[in-house]
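Working notes, beginning with the structure itself.
Any value given below was found using the heavy atoms of this structure, including those in side chains, with hydrogens, waters and symmetry copies removed.
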Amino acid sequence: MDHHASGQQSHAAHFQWLSFAYQSLTEIPYETILTQTDSLQVLDLSYNLPYWNPALLGRLEKLSTLILDCNNYTSHVKFPYMPSVTTVCINKNKINNLPVFVEEIWRKFPNIKILSMMNNEAAPSYFNGGSLTQYTDYRLYVISQLPGLEILDDTEVLEKERAQARKTYRLQQSGHSIHLRQLHRLG
């Protein structure tokens, strides 16, 4: 790299947080976002109209928080593998198949600690016509499949919920067993 090019690079702005919320965007502004691969930690793409393919977001190696509220995502959204992401907010979308969606979250965000998916059909609550039983079952299922989860929606995951989740639901047998065997071989 010549001196002139490195000088230009040092003047480039590096952001830890970017919001493109409420901008009626028709596609993810990758040309802006991908210039921040070594610094961006929080990305908010909420309240835009289309169903976007988030594949290129996998290049954001430092991203820890991804906010995708109200973007018409369905249960079948395909995320890139993003081990740095610990928080995913995907409220007010069109997620209606909980097992399909939670498996995608488990596979693509292995270090997830906070998941918020309120106001989706797959996340029943009093506010969207769900019963207390449906809400409890939903929480236990998600907690059982994402054992590192610390907060689901706006509520902390309690140890007693973890214990109940383990009794009620088995971990995703195939994926977790294979993963545990691979870790065991590495160790």
Answer yes if the side chains of N93 and N120 hold a donor-acceptor pair under 3.5 Å, and no otherwise.
no

Would you indicate whether the side-chain heavy atoms of P83 and P110 approach each other to under 4.5 Å?
yes

Decide salt bridge (charged side-chain N to carboxylate O under 4.0 Å, His left out) for K94 and E121; before the verdict, give the C-alpha distance in whole Å, the side-chain angles of both, and the deciding distance to 0.1 Å.
CA-CA 7 Å; K94 298 184 181 306; E121 187 182 327; over 6 Å; no

Check: R59 side chain, T37 main-chain N or O, donor-acceptor pair, under 3.5 Å:
no

So, E104 and R107, do they make that salt bridge, N to O below 4.0 Å?
no

Non-hydrogen side-chain atoms of L45 and I28 separated by less than 4.5 Å
yes

Is it the case that the side chain of S64 and the backbone of V85 share a donor-acceptor pair, with hydrogens and angles ignored and the cut-off at 3.5 Å?
no

Take Q41 and W17 through the side chain to side chain contact (heavy atoms under 4.5 Å, CB included) test and state the conclusion after the steps.
CA-CA 6 Å; Q41 295 176 20; W17 180 80; over 6 Å; no

Drop me the distance from L115's CG to I151's CD1, to the nearest 0.5 angstrom.
11.0 Å

Close side-chain approach of T155 to R139, heavy-atom, < 4.5 Å
yes

Stepwise, does the side chain to side chain contact (heavy atoms under 4.5 Å, CB included) test hold for L25 with F20?
CA-CA 8 Å; L25 299 174; F20 292 94; 3.7 Å; yes

Mind checking whether F101 and I67 sit in one hydrophobic cluster, side chains of I, L, V, M, F, W, Y counted as touching below 4.5 Å?
no

Between M118 and L98, is there a shared hydrophobic cluster once you connect ILVMFWY residues whose side-chain heavy atoms come closer than 4.5 Å?
no

Measure the shortest side-chain to side-chain distance between P29 and E31 over non-hydrogen atoms and say whether it is less than 4.5 angstrom.
yes

Is the number of heavy atoms from other residues, nucleotides or ligands under 6.0 Å of Q23 CD greater than 12?
yes

K108 NZ: over 12 foreign heavy atoms closer than 6.0 Å:
yes

Do S46 and D44 meet the criterion of a side-chain donor-acceptor pair at a distance under 3.5 Å?
yes

Hphob cluster co-occupancy, V77 + L56, side-chain heavy atoms under 4.5 angstrom
yes

Ignoring hydrogens, what is the shortest heavy-atom contact between L18 and Q36? Give both atom names and the distance.
CD1-CG, 4.1 Å

Separation between OG (S75) and CE (M117), nearest 0.5 Å, reads 7.5 Å

Could you give the distance from CG (D69) to SG (C89), rounded to the nearest 0.5 Å?
6.0 Å

With a 4.5 Å heavy-atom cut-off, do T74 and N96 have their side chains touching?
no

Could you state whether I112 and V42 fall into the same hydrophobic cluster, counting links through intermediate Ile, Leu, Val, Met, Phe, Trp or Tyr residues with side-chain heavy atoms under 4.5 angstrom apart?
no

Following the transitive rule for hydrophobic clusters with a side-chain heavy-atom cut-off under 4.5 Å over Ile, Leu, Val, Met, Phe, Trp and Tyr, establish whether I114 and I105 coincide in one cluster.
no

I need the minimum non-hydrogen distance between P54 and F79, along with the two atoms involved.
CG-CD2, 3.8 Å

Are side-chain heavy atoms of T136 and Q164 found at a separation under 4.5 Å?
no

With distance as the sole criterion, is a donor-acceptor pair present between the side chains of N111 and T86 under 3.5 Å?
no

Test of understanding: with ring-ring contact (aromatic ring centres under 6.0 Å, His included), list the residues that count as partners of Y22, not counting sequence neighbours.
Y47

Exam field: side chain E161 to backbone L158, donor-acceptor pair closer than 3.5 Å:
yes

Can you tell me how far apart CG (N71) and CD1 (I90) are? Round to the nearest 0.5 Å.
8.0 Å

Is the closest side-chain heavy-atom distance between N97 and P99 below 4.5 Å?
yes

Search all heavy atoms of Y169 against all heavy atoms of S144 and return the closest pair with its distance.
CB-OG, 3.2 Å

Go through the steps to decide whether L60 and L43 satisfy the test side chain to side chain contact (heavy atoms under 4.5 Å, CB included), and finish with yes or no.
CA-CA 10 Å; L60 300 171; L43 179 60; 4.1 Å; yes

Taking the side chain as every heavy atom from C-beta outward, state whether L63 and M82 have any atom pair closer than 4.5 Å.
yes

Which heavy atom in E150 sits nearest to a heavy atom in R162, and how many Å separate them?
CA-NH2, 4.1 Å

